[in-house]
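These notes concern the structure reproduced below.
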Amino acid sequence: MVPITIMVTGANSGIGFEAAKHFATMNPARLIVVCRSVEKAQQSIKQIQEETGCKNAEPMALDLGKFSSISEFATQASKTLDRLDILVENAAVAIHGKVHSDRRMVGNPCKTRLHILLLLPIIMNTAKQHSVVPRIVVVSSEVIFFANIGSDAIAAPNTLETLSSKEYCTPEVLANRYTQSKILNVMLVHKLAELLPKNIVPVALNPGFCLSGLRREVEGEQATRYKQMEDEFAYTSEEGSRQIIYSAIGGKDEELRGAFTSYSQVLEISDWMLSEEGKKAEDKTWVEMIELFGKLDNRIPGIVAEYLKA
Ligand SMILES: NC(=O)c1ccc[n+]([C@@H]2O[C@H](COP(=O)([O-])OP(=O)(O)OC[C@H]3O[C@@H](n4cnc5c(N)ncnc54)[C@H](OP(=O)(O)O)[C@@H]3O)[C@@H](O)[C@H]2O)c1
């Protein structure tokens with residue numbers, strides 16, 4: 001048995017489930033299978049156990065749609081987890097409808113950020129107590145190369161509020177929403193690498209275009225287009241999950257720290273993200289999120305002060 005704890009979110013379906021199975025074959029002391037409900041996690045664990053023989057998987061419930069669920073999750077984790085060596089933030093939705101709704105707001109990456117920040121005390125303690133280098137693995141996508149966060153939203157007094165407002169969210173803007181959430185994921189990893197000590201490795205990754213449940217809500221012509229693409233060149237979820245495994249245990253810490261990996265290599269991020277406007281968007285959305293989180297969970301100011309030092 002390997003004396004480490006691994007946590008995977010969205011571990012009941014697609015790439016996350018396959019990644020959890022791969023981790024299970026490595027026989028970690030604890031594999032935390034995080035799903036929307038305990039029932040879903042238990043179902044996933046049953047399948048993982050049947051296919052790998054792993055007996056160390058445990059369920060945890062997290063609904064990333066609710067800030068309160070993230071806070072409750074962190075409270076439970078602080079009581080039950082004595083270490084966390086690998087955190088895989090995989091859960092996400094890609095909604096392709098034309099109307100504004102809460103699910104289409106920039107909520108996805110914001111909630112991933114809150115989840116990571118609230119788990120930082122356990123991760124930092126793991127590094128210190130066990131002299132190891134924990135990894136925070138955030139699933140992004142190659143779609144980061146196809147769009148950006150609008151200049152008007154970046155120039156607005158509050159970028160996140162603007163991006164989430166009904167007035168701003170025209171169908172054209174919403175068409176880029178999934179991409180923007182994946183850009184924010186990469187920015188998060190970049191920021192964490194800037195602010196966290198060197199013995200923590202945050203890394204973002206592209207799993208490649210895979211067959212999974214991700215596009216299940218897509219309808220009409222777009223669904224036909226995706227079907228064609230899936231038939232022609234999609235990877236299986238298992239193949240995509242190998243990119244999570246690479247980012248979680250492969251490569252060299254110093255090369256992966258703050259990086260974006262794709263096909264098991266570190267890739268330069270998009271020109272826009274590297275531009276002055278991209279950097280401004282990264283810094284501004286970070287400050288806005290910390291301010292927002294401080295209002296949502298009173299542990300955040302202490303975590304920021306203690307662990308996130310420039
Ligand atoms: N498939 C691709 O081509 C592709 C390409 C690039 C990046 N990705 C990324 O890969 C990751 C995994 O996606 P996938 O392709 O494996 O899709 P998937 O099969 O739909 O899996 C997504 C997982 O996220 C969970 N999830 C979604 N919203 C959640 C919420 N509010 N709270 C808790 N869990 C939630 C889902 O749970 P439920 O089953 O309960 O909904 C599911 O377990 C995502 O980050 C996705 O953006 C996928």
Side-chain angles (χ1 to χ4, degrees), residues 7-22 32-45 47-48 59-73 87-96 101-116 137-147 177-186 188-189 203-218 222 225-227 229-245 247-248 260-263 267:
M7 178 183 286
V8 183
T9 69
N12 60 295
S13 169
I15 297 165
F17 173 67
E18 295 296 338
K21 258 190 342 197
H22 277 303
I32 314 298
V33 172
V34 183
C35 302
R36 223 183 271 262
S37 66
V38 170
E39 293 70 33
K40 273 194 175 185
Q42 274 163 343
Q43 230 173 349
S44 180
I45 287 172
Q47 218 175 325
I48 289 170
M60 273 187 87
L62 170 70
D63 183 350
L64 281 169
K66 296 181 190 145
F67 282 117
S68 60
S69 170
I70 302 169
S71 289
E72 282 158 24
F73 182 98
L87 167 61
V88 179
E89 294 285 355
N90 162 76
V93 275
I95 316 285
H96 301 261
S101 80
D102 282 352
R103 289 206 301 160
R104 301 207 46 153
M105 288 162 63
V106 279
N108 265 347
C110 289
K111 286 162 185 157
T112 298
R113 285 175 182 217
L114 181 61
H115 191 236
I116 293 174
V137 178
V138 182
V139 180
S140 179
S141 166
E142 58 204 331
V143 297
I144 63 160
F145 295 103
F146 308 149
R177 188 45 46 95
Y178 175 69
T179 307
Q180 288 171 342
S181 78
K182 292 301 174 191
I183 289 174
L184 285 167
N185 277 354
V186 176
L188 160 70
V189 159
V203 54
L205 71 102
N206 165 39
F209 184 76
C210 301
L211 288 167
S212 73
L214 194 67
R215 290 171 285 274
R216 61 180 167 258
E217 295 191 31
V218 182
Q222 206 176 3
R225 261 201 311 277
Y226 275 135
K227 177 78 178 71
M229 287 164 68
E230 287 175 351
D231 290 345
E232 279 172 32
F233 57 81
Y235 294 102
T236 62
S237 284
E238 188 282 317
E239 286 167 325
S241 76
R242 297 178 202 173
Q243 298 307 314
I244 291 183
I245 305 306
S247 296
F260 175 74
T261 70
S262 186
Y263 305 99
L267 213 66

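What you see is a predicted model, and the numbers here were worked out from it, not measured in a lab. Along the sequence shown, residues carry numbers from 1. We count ligands from 1, going down the list as the structure has it; atoms in each ligand are counted the same way.
- You'll find the side chain of V33 stays beyond 4.5 Å of the side chain of P59, heavy atoms only.
- Residue contact check for ligand 1: S237 places no non-hydrogen atom closer than 4.0 Å to it.
- Within the 4.0 Å heavy-atom cutoff, Y178 counts among the residues contacting ligand 1.
- In this structure, R215 is part of the shell of residues with a heavy atom less than 4.0 angstrom from ligand 1.
- Both tests pass for R215 against the ring of F209: distance under 6.0 Å to the centre and angle within 45° of the axis.
- The closest approach between any non-hydrogen atom of K111 and ligand 1 is not below 4.0 Å.
- Checked against a 3.5 angstrom limit, the closest N/O atoms of N206 and ligand 1 fall outside it.
- Here the side chains of R113 and L184 are in contact, with some heavy-atom distance below 4.5 Å.
- Nearest to atom 22 (C) of ligand 1 by heavy-atom distance, out of G16, S181, A94, A92, is A92.
- Residue A11 places no N or O, backbone or side chain, under 3.5 Å from any N or O of ligand 1.
- With sequence neighbours excluded, the residues forming a side chain to side chain donor-acceptor pair (under 3.5 Å) with E239 are T236, listed by chain and number.
- Side-chain contact between F17 and V8 is absent, with no heavy-atom pair separated by less than 4.5 Å.
- Counting atoms of ligand 1 from 1 in the listed order, those under 4.0 Å from a heavy atom of V93 are 27 (C), 28 (N).
- Heavy-atom distances between K66 and ligand 1 stay at or above 4.0 Å for every pair.
- Interface atoms of ligand 1 facing S140, defined by a heavy-atom separation under 4.0 Å, are 6 (C), 7 (C).
- In this view, K227 and D231 satisfy the side chain to side chain donor-acceptor pair (under 3.5 Å) rule, not counting sequence neighbours.
- Heavy-atom contacts of L62 reach the following atoms of ligand 1: 32 (N), 33 (C) (cutoff under 4.0 Å).
- In terms of N/O distances under 3.5 Å, ligand 1 is approached by G65.
- Here's the thing with G10: one of its N/O atoms is less than 3.5 angstrom from an N/O atom of ligand 1.
- When the shell of 6.0 Å around CZ of F145 is examined, it contains more than 12 heavy atoms from other residues, nucleotides or ligands.
- Heavy atoms of K182 found under 4.0 angstrom from ligand 1 belong exclusively to the side chain.
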